[in-house]
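Written below as structure tokens is the structure these notes are about.
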Amino acid sequence: MRLPQIFHSLHKRLQKMFEKNQEDGGTPSIQDIAGRLAEEQQRLRQKEATTMPKERTVLILGSKCVGKTTAINKFFDREEHTTRPTLALEYSYARRLGNGKTPQVMNVWELGSLENADQLLEVPMRTHGLHQFAVFIMLDLSQPQRFWTDLECAYKGLKDTAQQMMESLSPELREIIEQRTLERLGQQNKEDLGNQEPLPFPVVIVGGKYDIFAGLDPAVRKHTCRCLRSMAHLIGGALLFYSQRMPKLAKVLKDTICHLGFGSPAQPFRSQVTDFNEPLCIWFGTDSWSKIGDTGAQSVERIGATFGVEVPQLQLEKKKTQDTSDPAKDPGFKESLIDEMRAQKNEELAGIMRDVLLRGKFESVQN
């Protein structure tokens, strides 16, 4: 979603304000314009309150084995004995009572793999809509030579699906989403707005396994942080480094999920951290190209090409892992009743195969 499209409706409203004042025979003052804009924002908020559902949705996706399931389990305060791998798309939900004692629901979706995930991405987005939707893209910082492919794949999948859905929305709902996107980008760096490609929902880029990343070469850490800051700023997102082994960082991620999933008013990022020697913590609309050190037209392709020169990316091959290829034989997916029925069917199938082989040998002897 390009920013000029967002500004189009805002420009039309401002133009109507000026035309109305000219018809009244007066030149609008700054106070008049500010008052009318405040009234317009109040109108949008009232419309939002009457049209938005009482639930929010969070989608978590990203690199394999980065700790997506662990982060969800910690949010739900689940005890982790053995964490089974996420095969495709898993769903869970949480409920709580809001300030007005009205129940709030948070839908949580986890995408296990980014390979061939285009159709799976559409499920949570089309099921719940974009108006109360948030995304966490978790990347493996311990492998800076590999994570760019995951980040680029996740962003393009989200962008393509979001564009298709925005075209099918009603003008009123599209206007609300565009207004909220502008508010999320902030007003501190208006000169950057022309060089951003924000998604129509909040996106938090989470750099996982920071405890390992902190021990890497300083030059690699510097270029990695600059790449992730550039990408987060380009898409209008936030950036957070995380490790399940560091309670302080784990709590910030948990609070951020709660903030975006339940609409908690407290801002979960207590401080702004941009030093590459520390775990980064950058909220929506608080970074800028000048702070990052990038100038000129920005794009996903340029950020990726620059990062590839500074930190050469390895060709991602399909790893020959030791994991069981058949999930039915994985101990993490045990289901006693289903396993017994499957074992019985396997025995029946083996008996049929033996009969077929014997029949084939008998017929060959007769011929």
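Side-chain atoms are counted along with the backbone in the values below, which use heavy atoms only and exclude waters and symmetry mates.
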(request) Flag the pair Gln267 / His259 as yes when at least one side-chain heavy-atom distance between them is below 4.5 Å, and no otherwise. (result) no
(message) Nearest 0.5 Å, please: how far is NE2 in His223 from OG1 in Thr306?
(response) 10.5 Å
(message) Check the orientation of Trp283 and Phe269. Use parallel for under 30°, tilted for 30 to 60°, and perpendicular for over 60°.
(response) perpendicular
(request) Determine whether Leu240 and Ile205 make a side-chain contact, defined as any pair of heavy atoms from C-beta on separated by less than 4.5 Å. (result) no
(request) Determine, for Arg174 against Glu167, whether the closest basic-nitrogen to carboxylate-oxygen distance falls under 4.0 angstrom. (result) no
(request) Using modelled atom types only, decide if a donor and an acceptor are shared between the side chain of Thr286 and the backbone of Ile282 within a distance under 3.5 Å. (result) no
(message) If you count heavy atoms of other groups shown closer than 6.0 angstrom to OH of Tyr93, is the number above 12?
(response) no
(request) Find the distance between SG (Cys281) and CZ (Arg270) and round it off to the nearest 0.5 Å. (result) 10.0 Å
(message) Can you tell me how far apart SG (Cys258) and NZ (Lys251) are? Round to the nearest 0.5 Å.
(response) 9.5 Å
(request) Take Met106 and Ile257 through the test side chain to side chain contact (heavy atoms under 4.5 Å, CB included) and record every step on the way to the result. (result) CA-CA 10 Å; Met106 178 176 67; Ile257 295 175; 4.3 Å; yes
(request) Calculate, to the nearest 0.5 Å, the distance between atoms OG1 and CG belonging to Thr127 and Asn107 respectively. (result) 9.0 Å
(request) Search all heavy atoms of Ala71 against all heavy atoms of Leu253 and return the closest pair with its distance. (result) CB-CD2, 3.9 Å
(request) Establish whether Leu139 and Leu234 are linked, either directly or via other cluster members, by ILVMFWY side-chain heavy-atom contacts under 4.5 Å. (result) yes
(request) Determine yes or no for a side-chain-to-main-chain donor-acceptor pair under 3.5 angstrom, with Thr161 supplying the side chain and Leu158 the backbone. (result) no
(request) Evaluate whether atom CZ of Arg245 has more than 12 neighbouring non-hydrogen atoms of other residues, nucleotides or ligands under 6.0 angstrom away. (result) no
(message) Between Arg221 and Asn277, is there a side-chain donor-acceptor contact under 3.5 Å, judged purely by atom types and distance?
(response) yes
(request) Start with the C-alpha gap between Phe136 and Tyr242, add the side-chain angles, then the distance that decides, and say whether ring-ring contact (aromatic ring centres under 6.0 Å, His included) holds. (result) CA-CA 12 Å; Phe136 288 80; Tyr242 158 81; over 10 Å; no
(message) We want to know whether Thr69 and Glu110 form a side-chain donor-acceptor pair, criterion being a heavy-atom distance below 3.5 angstrom.
(response) yes
(message) Side chains of Ser243 and Asp211 only: does a donor on one sit below 3.5 Å from an acceptor on the other?
(response) yes
(message) Contact between Leu111 and Ile60 at the side-chain level, heavy atoms closer than 4.5 Å - yes or no?
(response) no
(message) I'd like to know if the side chain of Arg226 and the backbone of Gly293 have a donor-acceptor N/O pair within less than 3.5 Å.
(response) yes
(request) For side chain to side chain contact (heavy atoms under 4.5 Å, CB included), just list the numbers for Gln196 and His233, CA-CA rounded to whole Å, side-chain angles, deciding distance to a tenth of an Å, and then say yes or no. (result) CA-CA 7 Å; Gln196 291 179 276; His233 188 54; 3.7 Å; yes
(request) Look at Asp77 together with Lys254 and state whether they make a salt bridge at an N to O cut-off of under 4.0 Å. (result) yes
(message) If I compare all heavy atoms of Lys64 with all of Ser113, which pair ends up nearest, and what's the gap?
(response) CE-OG, 3.5 Å
(message) Quick check on the hydrophobic clustering: are Trp109 and Leu260 connected, directly or via other members, by side-chain heavy-atom contacts under 4.5 Å?
(response) no
(message) Check for me, please, whether Ile137 and Ile303 land in the same ILVMFWY cluster - side-chain distances under 4.5 Å, paths through other members count.
(response) yes
(request) Might you point out which heavy atoms bring Lys209 and Ser142 nearest each other, and give the distance in Å? (result) CD-OG, 3.7 Å
(request) Measure across Phe284 and Pro202 and return the closest heavy-atom pair with its distance rounded to 0.1 Å. (result) CZ-CB, 3.7 Å
(request) Report yes or no: does Gln313 contribute a side-chain atom to a donor-acceptor pair with the main-chain N or O of Val311 at less than 3.5 Å? (result) yes
(message) Contact between Arg184 and Thr181 at the side-chain level, heavy atoms closer than 4.5 Å - yes or no?
(response) yes
(message) Checking the side chain of Ser63 only, and the main-chain atoms of Val66 only, is there a donor and an acceptor separated by less than 3.5 Å?
(response) no
(request) Taking the side chain as every heavy atom from C-beta outward, state whether Met165 and Leu169 have any pair of such atoms under 4.5 Å apart. (result) no
(message) Walk me through whether Lys156 and Glu152 qualify under salt bridge (Lys or Arg N to Asp or Glu O under 4.0 Å).
(response) CA-CA 6 Å; Lys156 288 187 175 180; Glu152 185 178 31; 3.4 Å; yes
(message) Would you say that Leu89 contacts Pro124 through its side chain, given a criterion of any heavy-atom pair below 4.5 Å between the two side chains?
(response) yes
(request) List in chain and number order the residues that pass side chain to side chain contact (heavy atoms under 4.5 Å, CB included) with Leu280, two or more places apart in sequence or in another chain; answer none if no residue qualifies. (result) Cys225, Arg229, Leu239, Phe241
(request) Give the cluster check for Phe276 versus Leu151: same hydrophobic cluster or not, with ILVMFWY residues linked at side-chain heavy-atom distances below 4.5 Å. (result) no
(request) Go through Met166 and Glu178 one step at a time and tell me if the side chain to side chain contact (heavy atoms under 4.5 Å, CB included) criterion holds. (result) CA-CA 10 Å; Met166 287 290 288; Glu178 291 174 349; 4.3 Å; yes
(request) Flag the pair Val135 / Leu61 as yes when at least one side-chain heavy-atom distance between them is below 4.5 Å, and no otherwise. (result) yes
(message) Looking at every non-hydrogen atom in both residues, tell me the closest pair between Val58 and Gly261 and how far apart they are.
(response) CG2-CA, 3.8 Å
(message) Please tell me whether Val108 and Phe133 are part of a single hydrophobic cluster in this structure, the criterion being side-chain heavy atoms less than 4.5 Å apart.
(response) no
(message) Walk me through whether Thr224 and Phe147 qualify under side chain to side chain contact (heavy atoms under 4.5 Å, CB included).
(response) CA-CA 10 Å; Thr224 301; Phe147 75 72; 3.6 Å; yes
(request) Quick one: closest heavy-atom pair of Arg146 and Leu314, and the distance? (result) NH2-CD1, 3.8 Å
(message) Rounded to the nearest 0.5 Å, what separates atom CD in Gln164 from atom CE in Met125?
(response) 9.0 Å
(request) I would like to know whether Gln298 and Ser230 meet side-chain hydrogen bond (donor to acceptor under 3.5 Å, both in side chains); could you show each step before the answer? (result) CA-CA 9 Å; Gln298 298 295 326; Ser230 298; 5.4 Å; no
(request) Output yes when a side-chain donor or acceptor of His131 lies under 3.5 Å from a complementary backbone atom of Ile177, and no otherwise. (result) no
(message) Distance check, rounded to the nearest 0.5 Å: Leu121 atom CG versus Lys159 atom NZ?
(response) 15.0 Å
(message) With heavy-atom distances below 4.5 Å as the criterion, would you say the side chains of Glu55 and Gln104 are in contact?
(response) no
